Amino acid sequence: MQVELSDERGRIFCDPQAWTDMDAWHEQAAELRRTEPILRVEGVGLSPLYVLTRHADVFDVSRRSDVFFNTQHSVLMPDGQLEMLQGMGINPKTLIHMDGKEHNDYRHVTNDWFKPAAVRTRQDDIDAIADEYVQKLADLGGECDFAQDIAVPYTLRVIMSIFGVPQADERMMLELTQGIFGAADPEYLDLGAFSDPFEYLTSTIGRFDDYFAHLTADRRAHPTDDLATVIANGQVDGCPLERHASLWYYIIVATAGHDTTSYALSGGVNELIRRPEQVRALREDPSLADNAALESIRWSSPVRSFLRYAQADTEVGGHPIAEGERVLLCYPAANRDEAVFERADEFDVTRPDAGDLISFGVGVHYCLGSQFARREVRTFLPKLFDAVAEIEPAGDTEYTASTFVSGVKHLPVRYRMK
Ligand code: HEM
């Protein structure tokens, strides 16, 4: 869906294709951060917004959730797309579309389940799944597409094990999550019998609805220790979640928890296989694994942006923002801000400031799954580099065309196992 912009410098944020050349993208974003860190973007088909590219501004707005609301429209899309979704009765209502008490109540349903101590108990499962995918690498015989053959199925298996979805249903879950998230990338848009992407989306949501309605009924009758049990039996204001609310709860965790982590892992490996000295450092000091995971997540920054809406006249970074205006928090740009990260444009698993990443956001909407994501990446990296004697690029890296969640989608590699 094309938009005409009054200022072409804004195109990198709202054109899905701009996200397929990340070197060019970061070059332009860095120029904006230096010259116009609060950039007004508007045009035909896109309501006005201010793009924030500085770490301090993204941080500040995220923390001021009393003034800046997510609202039902926190994901950037052309106006026409929003109208079409609304016209088809698709009204997502998830944690990222809620504010205030409502958000707090719904977040409370799963909050404890995502706390570090609870996530730690899943480490054996994550280890076992990671081992399986290192074995798959060996079975593939020395050449593969690391992103599609390893990162996508590994992270899918972890998120589905968290849910308690049986392995037999994983393929279907992948089609469902890609049907919702990957819709801007022609490669992911396998419309099947549908001629229109919006009809396809409606059908995808319908299939999710059926699947999760069964899962909910099952977990109410037979509770286990999985996340589906927590959502199925969750309550807000003393009442069980109604069907629409629980459907969107499942959808946000399934979608937010899968592609993001897969892009972080592929993004990190894409850099590491070009930097033998860093792989050596990682092999010599396994305690670097968590820092390497954080650096992979900073570098890849798979969630590209979220919108916030000012509820009163205010200012950001010295710039006035009027009530009703909206700002775009651009995480990949903020993650390369030299004011926070030394040598921000260098990938370095030993960097002491990796923990200052803003890829998971900050404040009341801070990523619920951040502990899982870190664990998944930091579990896989050392196992990978312990298992291979050599690994190198075997072709061009390709990125997904999407303005919301995107990253390395093809990573051809050649390797020799030890
Ligand atoms: C590298 C991987 C990931 C990245 C970069 C990421 C990034 C983000 C970001 C930027 C937000 C919004 C934060 C804000 O508005 O301040 C978010 C929210 C969220 N994430 Fe993640 N995420 C990742 C992995 C996961 C995983 C593995 C799960 C689930 C298992 C998950 C579940 C969620 C949920 C449920 C929310 C909504 C929280 C709320 O609005 O209260 N994410 N994530």
Side-chain angles (χ1 to χ4, degrees), residues 52 58-65 68-72 74-76 92-100 102-111 113-115 118-119 122 126 151 154-165 177 181 226-228 230-231 234 248-268 293-309 327-335 357-380 404-408:
L52 311 184
V58 172
F59 194 93
D60 175 44
V61 168
S62 306
R63 291 297 294 267
R64 289 160 63 201
S65 54
F68 287 101
F69 278 17
N70 277 40
T71 82
Q72 184 106 27
S74 55
V75 176
L76 176 68
K93 186 81 179 176
T94 74
L95 292 176
I96 60 158
H97 304 98
M98 295 177 189
D99 294 286
E102 184 183 40
H103 170 256
N104 190 49
D105 288 349
Y106 277 86
R107 190 169 163 119
H108 194 69
V109 170
T110 55
N111 206 29
W113 205 86
F114 281 106
K115 285 208 169 126
V119 174
R122 302 274 154 171
I126 300 176
Y154 162 62
T155 51
L156 180 69
R157 175 76 51 84
V158 175
I159 190 77
M160 293 307 146
S161 78
I162 292 170
F163 258 129
V165 166
T177 58
F181 250 18
D226 61 23
L227 184 62
V230 177
I231 297 174
W248 282 103
Y249 218 126
Y250 290 118
I251 291 181
I252 182 72
V253 178
T255 50
H258 179 225
D259 300 28
T260 48
T261 317
S262 148
Y263 289 134
L265 180 57
S266 295
L294 288 173
E295 177 64 345
S296 301
I297 298 167
R298 177 188 79 94
W299 187 261
S300 56
S301 217
V303 175
R304 304 316 202 179
S305 63
F306 270 116
L307 284 161
R308 295 288 195 271
Y309 295 75
V327 296
L328 187 77
L329 315 177
C330 185
Y331 303 108
N335 269 327
L357 81 175
I358 198 155
S359 313
F360 293 122
V362 67
V364 295
H365 287 278
Y366 180 75
C367 175
L368 259 181
S370 66
Q371 295 291 329
F372 267 113
R374 274 171 78 168
R375 261 176 203 276
E376 283 176 63
V377 179
R378 85 158 185 240
T379 302
F380 202 84
F404 183 30
V405 174
S406 54
V408 171

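It should be emphasised that the depicted structure is a prediction, and the values quoted were computed from it without experimental measurement. Order of appearance sets the numbers: ligands from 1, and atoms from 1 within every ligand.
For the pair E376 and ligand 1, the shortest N or O to N or O distance does not fall below 3.5 Å. An N or O contact shorter than 3.5 Å is missing between I252 and ligand 1 by distance. Below 3.5 Å of separation, one finds an N or O of H103 facing an N or O of ligand 1. By the 3.5 Å distance cut-off applied to N or O atoms, S359 is not counted among the residues near ligand 1.
For the atom pair OG (S301) and CG (L357), the distance works out to 7.5 Å, reported to the nearest 0.5 Å.
Relative orientation of the F163 and Y250 rings is tilted, given thresholds of 30° and 60° on the angle between their planes. Ring geometry for Y249 against Y106 counts as tilted: the plane angle lies between 30° and 60°, on a 0 to 90° scale.
Under the side chain to side chain donor-acceptor pair (under 3.5 Å) criterion, Y154 pairs with no residue, sequence neighbours left out.
Numbered from 1 in the order shown, with element, the atoms of ligand 1 that lie under 4.0 Å from a heavy atom of Y331 read 10 (C), 14 (C), 15 (O). The atoms of ligand 1 that sit less than 4.0 Å from any heavy atom of V362 are 16 (O). Residue contact check: R107 has heavy atoms under 4.0 Å from atoms 38 (C), 39 (C), 41 (O) of ligand 1. Interface atoms of ligand 1 facing P302, defined by a heavy-atom separation under 4.0 Å, are 5 (C).
Side-chain atoms of D99 come within 3.5 Å of backbone N or O of N70 as a donor-acceptor pair. In this structure a side-chain-to-backbone donor-acceptor pair under 3.5 Å is missing from Q371 to K115. The backbone N or O of S406 lies less than 3.5 Å from a partner atom in the side chain of R304, making a donor-acceptor pair.
Excluding waters, the protein N/O/S atoms found under 2.8 Å from atom 21 (Fe) of ligand 1 are C367 SG.
Within the 6.0 Å centre-distance limit, the rings of F404 and F306 are counted as a close aromatic pair. Between H103 and H365, the ring centre distance stays below 6.0 Å.
Ion pairing between a basic and an acidic side chain is recognised when a charged N comes within 4.0 Å of a carboxylate O; E102 and R107 show no such pairing.
At least one side-chain heavy atom of V303 sits less than 4.5 Å from a side-chain heavy atom of T260. Side-chain atoms of I96 and V75, non-hydrogen and from C-beta on, do get closer than 4.5 Å to each other. With contacts defined as side-chain heavy-atom distances shorter than 4.5 Å, the pair L227/W113 qualifies.
Among all protein heavy atoms, the one lying closest to atom 37 (C) of ligand 1 is I96 CG2, 3.7 Å. At the shortest separation from atom 15 (O) of ligand 1 among protein heavy atoms lies R308 NH2, 2.7 Å. Nearest protein heavy-atom neighbour of atom 40 (O) of ligand 1: H365 ND1, 2.7 Å.
Within the 4.0 Å heavy-atom criterion, the part of I159 lying near ligand 1 is the side chain and not the backbone. Residue contacts with ligand 1, taken as heavy atom pairs separated by less than 4.0 Å, do not involve Y263 at all.
In this comparison of F372, Y366, F163, F306, the heavy atom closest to atom 12 (C) of ligand 1 sits on F306.
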